[in-house]
**Student:** 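Got a structure for you, written out below as structure tokens; questions coming shortly.
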Amino acid sequence: MRATDGKQAFMGQGAAERKYDLLTALGAWGMGQGGAEAMLALRLSTLITARYNWRRDELTTGQREIAALWSVDTRTVKRQMARLRELGWLVLVRQGARGRVAVYRLNTAAILHATRDSFANVGPDFLARMTGDGTGNDSGAQPDGQARKQAGNVVRFPGIAEPDGQDAGWARISDRLQRANPHTHAAWIAGLAGRVEEDRLILRAPSRFHARHVSTHLRDTIYSMAALDGIRRISIEGIDR
């Protein structure tokens, strides 16, 4: 399956399954966290289910409408939406103004990365589907016939770029970025595949949208950490799979 932007990923064949999988990942993660994070996951899942426009890949719902849906006041909505932006799960596409609500887009790559430790809690079939393992088996053993049959029926979930092999140079740079800002790293950096070639850092993002965001908002930050290793040039591109 090709890695696409959010709009393409949730349209066409397999779209319904991927929507359910995304909501399942959020729910499983929330129940595992408990407390405020569980409520955040529940509220986002409810908002996605009720109001997300998958065809346009956008959320255009006013704060009062969200407050009514969540049974809270608008101050709580502002705090929760700010938290979702901080995590990178919602991306502000257009700022709201008088007579016009803000426009948001889901960052499914960030959500999948943040909730990945909960995949196994749902079951081995879900783990296989979400990781693309095909079996959910990390031991290196060959799958049995039933597992192979099940693997042929899974729907590959796009969203996280997979490196061809761990590059030591990029691993060092990524580690610095993670220590500097864990939230931004989880939302945008961890999903990148990268390698160092002489004085050039080559990064691949899971979608063109992801690549544009990193290039626009995080290029200077990445360069500041990469320059410590003598990097002079950075290339960032969205990939197809």
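One is the number of the first residue; the rest follow in order along the sequence.
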**Student:** Quick check for you: to the nearest 0.5 Å, what is the distance between Asn107 atom CG and Leu84 atom CG?
**Tutor:**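 So the CG of Asn107 and the CG of Leu84 are separated by 11.5 Å.
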**Student:** Report the residues that fulfil ring-ring contact (aromatic ring centres under 6.0 Å, His included) with Tyr104, sequence neighbours left out, ordered by chain and then residue number.
**Tutor:**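 For Tyr104 there are no ring-ring contact (aromatic ring centres under 6.0 Å, His included) partners, ignoring immediate neighbours.
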**Student:** Can you name the closest pair of heavy atoms from Arg195 and Trp170 and give their distance?
**Tutor:**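 Between these two residues, the closest heavy atoms are N-CB, 4.2 Å.
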**Student:** Could you tell me which residues satisfy side-chain hydrogen bond (donor to acceptor under 3.5 Å, both in side chains) with Asp117, sequence neighbours excluded, listed by chain and number?
**Tutor:**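 Not a single residue meets the side-chain hydrogen bond (donor to acceptor under 3.5 Å, both in side chains) criterion with Asp117.
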**Student:** Which atoms form the tightest heavy-atom contact between Phe119 and Phe126, and what is the distance?
**Tutor:**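 Minimum heavy-atom contact is O-CD2, 3.5 Å.
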**Student:** Check whether any side-chain heavy atom of Arg43 lies under 4.5 Å from a side-chain heavy atom of Val72, and answer yes or no.
**Tutor:**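 Yes, close enough: below the 4.5 Å cut-off.
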**Student:** Grab the two heavy atoms, one from Ala109 and one from Pro206, that are nearest each other, plus how far apart they are.
**Tutor:**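 The answer is CB-CG, 4.2 Å.
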**Student:** Excluding sequence neighbours, so at least two apart, what forms side-chain contact (heavy atoms from CB on, under 4.5 Å) with Ala226?
**Tutor:**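 With neighbours one apart ignored, the set is Ile173, Leu201, Ile231.
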**Student:** Apply side-chain contact (heavy atoms from CB on, under 4.5 Å) to the pair Tyr52 and Lys19, showing each step before the final yes or no.
**Tutor:** CA-CA 11 Å; Tyr52 200 75; Lys19 292 172 188 176; over 6 Å; no
**Student:** Calculate, to the nearest 0.5 Å, the distance between atoms CG and CD belonging to Leu203 and Glu237 respectively.
**Tutor:**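 It is 9.0 Å, given to the nearest 0.5 Å.
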**Student:** Taking side-chain contact (heavy atoms from CB on, under 4.5 Å) as the definition, give me every residue that meets it alongside Thr61, ordered by chain and number, with sequence neighbours left out.
**Tutor:**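 With neighbours one apart ignored, the set is Arg51, Leu59, Glu65, Ile66.
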**Student:** Start with the C-alpha distance between Leu40 and Leu87, add both sets of side-chain angles, then the distance that settles side-chain contact (heavy atoms from CB on, under 4.5 Å), and finish with yes or no.
**Tutor:** CA-CA 11 Å; Leu40 182 70; Leu87 291 171; 3.7 Å; yes
**Student:** In Å, rounded to the nearest 0.5 Å, how long is the span from CD1 of Ile202 to CD of Glu197?
**Tutor:**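 Answer rounded to 0.5 Å: 3.5 Å.
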**Student:** Output the rest of the hydrophobic cluster of Leu42: all Ile, Leu, Val, Met, Phe, Trp and Tyr residues reachable through side-chain heavy-atom contacts under 4.5 Å, sorted by chain and number.
**Tutor:**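 So far as hydrophobic clustering goes, Leu42 is joined with Met39.
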**Student:** Does one side chain, of Thr24 or Asp21, offer a donor that lies under 3.5 Å from an acceptor on the other?
**Tutor:**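 Note: Thr24 and Asp21 side chains miss the donor-acceptor criterion.
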**Student:** Identify, with sequence neighbours excluded, every residue that meets side-chain hydrogen bond (donor to acceptor under 3.5 Å, both in side chains) alongside Thr184.
**Tutor:**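 For Thr184 the side-chain hydrogen bond (donor to acceptor under 3.5 Å, both in side chains) partners, ignoring immediate neighbours, are Asn181.
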**Student:** Is Val103 isolated, or which residues cluster with it under the ILVMFWY side-chain rule of less than 4.5 Å, directly or via members?
**Tutor:**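 Val93, all in the cluster of Val103.
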**Student:** Would you check if Trp54 and Ile48 make a side-chain contact, meaning some heavy-atom pair closer than 4.5 Å?
**Tutor:**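 Of all side-chain heavy-atom pairs linking Ile48 with Trp54, at least one is under 4.5 Å.
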**Student:** Side chains of Leu90 and Met81, heavy atoms from C-beta outward: is any pair under 4.5 Å?
**Tutor:**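 They are in contact (side-chain heavy atoms under 4.5 Å apart), so the answer is yes.
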**Student:** If every non-hydrogen atom of Gly30 is compared with every non-hydrogen atom of Ala41, which pair is closest and at what distance?
**Tutor:**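 That closest heavy-atom pairing would be CA-CB, 3.8 Å.
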**Student:** Looking at every heavy atom in both His113 and Ala186, which two are closest together, and how far apart are they?
**Tutor:**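 Between these two residues, the closest heavy atoms are CD2-O, 3.3 Å.
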**Student:** Only pairs at least two apart or in different chains count here, so list each salt bridge (Lys or Arg N to Asp or Glu O under 4.0 Å) that has a residue in residues 225-236.
**Tutor:**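 Counting only pairs at least two positions apart or across chains, the salt bridge (Lys or Arg N to Asp or Glu O under 4.0 Å) contacts touching residues 225-236 are Arg172-Asp229, Arg176-Asp229, Asp199-Arg233.
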**Student:** Please report the C-alpha distance between Gln178 and Ile189 in whole Å, then the side-chain angles of each, then the deciding distance to 0.1 Å, and finally whether the side-chain contact (heavy atoms from CB on, under 4.5 Å) criterion is met.
**Tutor:** CA-CA 8 Å; Gln178 194 277 334; Ile189 305 299; over 6 Å; no
**Student:** Give, for atom CG of Leu26 and atom CE of Met31, the distance between the pair rounded to the nearest 0.5 Å.
**Tutor:**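 If we round to the nearest 0.5 Å, Leu26:CG and Met31:CE are 10.5 Å apart.
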**Student:** Under the side-chain hydrogen bond (donor to acceptor under 3.5 Å, both in side chains) test, which residues partner Ser235, sequence neighbours left out?
**Tutor:**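 Once residues adjacent in sequence are excluded, the partners of Ser235 under the side-chain hydrogen bond (donor to acceptor under 3.5 Å, both in side chains) criterion are Arg200.
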**Student:** So how far is it from Ile236 CD1 to Leu218 CG, rounded to the nearest 0.5 Å?
**Tutor:**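 Here the rounded value is 8.0 Å.
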**Student:** Kindly indicate whether the side chain of Arg85, heavy atoms from C-beta on, has any atom under 4.5 Å from the side chain of Val91.
**Tutor:**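 In short, these two side chains do not touch, never coming nearer than 4.5 Å.
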**Student:** Assess the residue pair Val122 and Leu127 against the criterion (side-chain contact (heavy atoms from CB on, under 4.5 Å)); give the C-alpha distance rounded to whole Å, side-chain angles, the decisive distance to 0.1 Å, and a yes or no.
**Tutor:** CA-CA 7 Å; Val122 181; Leu127 177 63; over 6 Å; no
**Student:** Can you sort out the partners of Trp70 under ring-ring contact (aromatic ring centres under 6.0 Å, His included), two or more places apart, ordered by chain and number?
**Tutor:**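 Counting only residues at least two positions away or on another chain, Trp70 forms no ring-ring contact (aromatic ring centres under 6.0 Å, His included).
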**Student:** So do the side chains of Leu44 and Trp89 get within less than 4.5 Å of each other, counting heavy atoms only?
**Tutor:**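 They are in contact (side-chain heavy atoms under 4.5 Å apart), so the answer is yes.
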**Student:** Are any side-chain N or O atoms of Arg56 and backbone N or O atoms of Asn53, one a donor and one an acceptor, separated by less than 3.5 Å?
**Tutor:**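 No: the side chain of Arg56 does not pair with the backbone of Asn53.
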**Student:** With sequence neighbours excluded, what pairs up with Trp188 under the ring-ring contact (aromatic ring centres under 6.0 Å, His included) test?
**Tutor:**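 Listed in chain order: His210, His213.
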**Student:** Using the side-chain hydrogen bond (donor to acceptor under 3.5 Å, both in side chains) criterion, which residues pair with Glu37? Sequence neighbours excluded.
**Tutor:**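 Glu37: side-chain hydrogen bond (donor to acceptor under 3.5 Å, both in side chains) contacts with Arg83.
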**Student:** Say you draw a straight line from CZ of Arg208 to OG of Ser215; how long is it, rounded to the nearest 0.5 Å?
**Tutor:**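 So the gap between those two atoms works out to 14.5 Å.
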**Student:** Any idea which heavy atoms bring Thr60 and Glu58 closest together, and the distance?
**Tutor:**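 Looks like CG2-OE2, 3.7 Å.
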